[in-house]
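So the structure is just underneath, and the comments pick up after that.
It should be emphasised that the depicted structure is a prediction, and the values quoted were computed from it without experimental measurement.
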Amino acid sequence: MARRTRTVWAASVALAVVGSLSVSGLASAKDHPSHAASAAKTLVKAYGSSTASHPATTPPTTATSTPDSSISYDDLDAFVAGHSAALKSRSRAGFVSIVDPKNPDLVKSQGQLFDNLQKIPFTTAKYAVNMVDESTAAQGTTSTATVTVAFDHQIAGVDSVPVEERYKWTVQRTGVNGPLEVTAIAGATSEHNYPAPWDAVAGLTVLTRPKVVIMADDTSVSFAKTHADAMERDAEYDFAHWSGGSGTAPGFTVFLTADRSRYEGIYNQDRVESVGVTVPIPAAGKDDGFYPSSRIAVDTSQYKNVDPADADIVFKHEMAHAMIGPFDDQSASSGQDHLWVIEGFAEWESQRMYSTGELLYDGDTLHAYLGKHGVPHALPTDSDVYSSNSDTSALGYFYAHMAIRYMADEYGADKVDRFVLAVYQHATGSTCVDDAMKSVLGTTTDQFTQSFAKWLHNSV
């Protein structure tokens, strides 16, 4: 289970392809301006052959003007508001009408998107202009604007507040008072988790449970139906064990696919070495480094022919990440190696009901696995846990899991939750692990490491 790093210390957590445990015997663009100040400001005006990289508010004095086919902020706001209204009123024709009818693929994909969105239990779902790239072209009587459009939405039982997915729309107007048309749609330049399953899958299957909303493509419909109740139990299991207080995610959404390329591309997470991933989702209108919700995706090809308990481990692991994701401070670079805490907690949480003697690691008993690799003299570094070398990463996961298992054995499960919470909340601090060791466990990192090594030698 690995977390993808980016400019801040981490962006997603995932279950690695290798090194899994099983049960033995079983962006940057210009902000949208204040409407009070410049709501009707022209973004692009088409006059003759003007190709200015910034918007012209008056005709060039050296060119003969052609009729105005400009695009303003008001135009874009009204255009996008109409799209929201069509979604709310369940008007498929109105929803699809924003796109260029001469582009059949775009028309088809928008119809597919509309159909998928109708299946999701949203409490709110609307589109809004987020940012506008004013370096747009005006040629003849055609004007074009590149617009970042936010899809602000809240899934019932999953999102505590509205969250955001961002699109990049290419919007065009041809001729005097011609209609605005979207000629291209892609993910926004800034990373906001596009494409979601509703963007990428034709005929999305959606199953709902009290704590889980399950989405599946046609490769995993059967898997979704046979595992839906088990996933609900996995969610209840994680919530029942958490003792760190309020503020957790209220529930989870899980996307299932056996299409490897689709899995790697969903939510723009691109985890080539993982089989399960948890991707943080930002609150609508905020880029503050805190993510109130998450999206889980799982490659079901790994679990269609295994003991159901092994699949449950995967879902419990990813749900553990998503459950406490809202506490996670990702507002700056990490101050201290602590991915062992993140992954170790999720590994332990998903398998805490089993003794070390009941677990296998890459087909070996934990005793045999430890015999191959030895007792560590230090806690795993971030580069160990998320190493591109599968063997190194597998060993990092193993030691991380065992370190949290030792913590639970020595200090109690409640202290584990408090320790993990302290690390999450102060993850950007230069001594986040050291401080949590002292404040929660009453020890030092060096003392903990030495005691952990002794326990590991004697217990595994």
Do [X] and [Y] make a side-chain contact, defined as non-hydrogen atoms from C-beta onward lying under 4.5 Å apart?
X	Y	result
D199	E165	yes
E164	N130	yes
I296	T253	no
Y291	V163	no
F255	I214	no
H401	F398	no
V132	Y73	yes
T142	Q172	yes

Go through the steps for T257 and D217 under the test side-chain hydrogen bond (donor to acceptor under 3.5 Å, both in side chains), then give the verdict.
CA-CA 6 Å; T257 180; D217 66 7; 2.5 Å; yes
With rounding to the nearest 0.5 angstrom, report the [atom1] to [atom2] distance, [X] to [Y].
X	Y	atom1	atom2	answer
T123	Q154	OG1	CD	3.5 Å
E343	D384	CD	CG	13.0 Å
W198	L113	CH2	CG	9.0 Å
M215	L204	CE	CG	6.5 Å
T183	W169	OG1	CH2	11.5 Å
F79	L180	CZ	CG	5.5 Å

Can you give me the closest heavy-atom contact between [X] and [Y], atom names plus distance?
X	Y	answer
F114	A86	CE1-O, 4.1 Å
C432	Q336	N-OE1, 3.1 Å
P326	T248	CG-C, 4.2 Å
I71	S143	CD1-O, 3.6 Å
P282	N193	CD-ND2, 3.7 Å
Y354	R405	O-NH1, 2.7 Å

Apply ring pair (Phe, Tyr, Trp, His ring centres under 6.0 Å) to the pair W348 and H241, showing each step before the final yes or no.
CA-CA 12 Å; W348 168 74; H241 285 114; 7.9 Å; no
Between [X] and [Y]: side-chain donor-acceptor atoms closer than 3.5 Å:
X	Y	result
S89	S91	no
T431	D435	yes
D259	T219	no

I need the full list of side-chain hydrogen bond (donor to acceptor under 3.5 Å, both in side chains) pairs touching residues 225-239, with sequence neighbours left out, sorted by first then second residue.
R209-D229
Specify whether F223 and F315 have parallel, tilted or perpendicular ring planes, treating 30° as the upper limit for parallel and 60° as the lower limit for perpendicular.
tilted
Using a strict cut-off of less than 4.0 Å between a Lys/Arg side-chain nitrogen and an Asp/Glu carboxylate oxygen, indicate whether R295 and D159 qualify as a salt bridge.
yes
Sidechain N-carboxylate O distance under 4.0 Å for D133, K168
no
With Q302 as reference, evaluate D299, V298, T300 under the side chain to side chain contact (heavy atoms under 4.5 Å, CB included) test and give the passing residue.
D299
Matching residue for H321 among T278, V279, V277 - test: side chain to side chain contact (heavy atoms under 4.5 Å, CB included)
T278
Does any N or O in the side chain of [X] come within less than 3.5 Å of the main-chain N or O of [Y], such that one atom is a donor and the other an acceptor?
X	Y	answer
D382	L339	yes
S84	K126	no
S393	V385	yes
H153	F151	yes
D417	S243	yes
E358	S355	yes
S220	A258	yes
Y127	G82	no
D75	S72	yes
Q112	K108	no

Take I324 and W242 through the side chain to side chain contact (heavy atoms under 4.5 Å, CB included) test and state the conclusion after the steps.
CA-CA 9 Å; I324 61 175; W242 176 250; 3.7 Å; yes
Between F327 and Y424, does the ring pair (Phe, Tyr, Trp, His ring centres under 6.0 Å) criterion hold? Intermediate values first, please.
CA-CA 6 Å; F327 299 119; Y424 265 56; 7.6 Å; no
Could you walk me through whether S274 and Y263 pass side-chain hydrogen bond (donor to acceptor under 3.5 Å, both in side chains), step by step?
CA-CA 9 Å; S274 71; Y263 166 77; 2.7 Å; yes
Salt bridge (Lys or Arg N to Asp or Glu O under 4.0 Å) evaluation trace for D287 with R166
CA-CA 12 Å; D287 283 306; R166 291 185 185 176; 2.9 Å; yes
Salt bridge (Lys or Arg N to Asp or Glu O under 4.0 Å) against D218, all qualifying residues, sequence neighbours excluded:
none
On the six-membered ring of F239, is K211 placed so that its NZ or CZ lies under 6.0 angstrom from the centre and within 45° of the ring axis?
yes
Would M407 and M402 satisfy side chain to side chain contact (heavy atoms under 4.5 Å, CB included), going step by step from the backbone distance to the final call?
CA-CA 8 Å; M407 190 183 297; M402 292 301 109; over 6 Å; no
Stepwise side chain to side chain contact (heavy atoms under 4.5 Å, CB included) check, T428 with S334:
CA-CA 4 Å; T428 61; S334 172; over 6 Å; no
Should V433 and H426 be marked as a side chain to side chain contact (heavy atoms under 4.5 Å, CB included) after you check the CA-CA gap, both sets of side-chain angles, and the distance that decides it?
CA-CA 9 Å; V433 173; H426 304 285; over 6 Å; no
I'd like to check the ring-ring contact (aromatic ring centres under 6.0 Å, His included) partners of W340; sequence neighbours left out, ordered by chain and number.
none
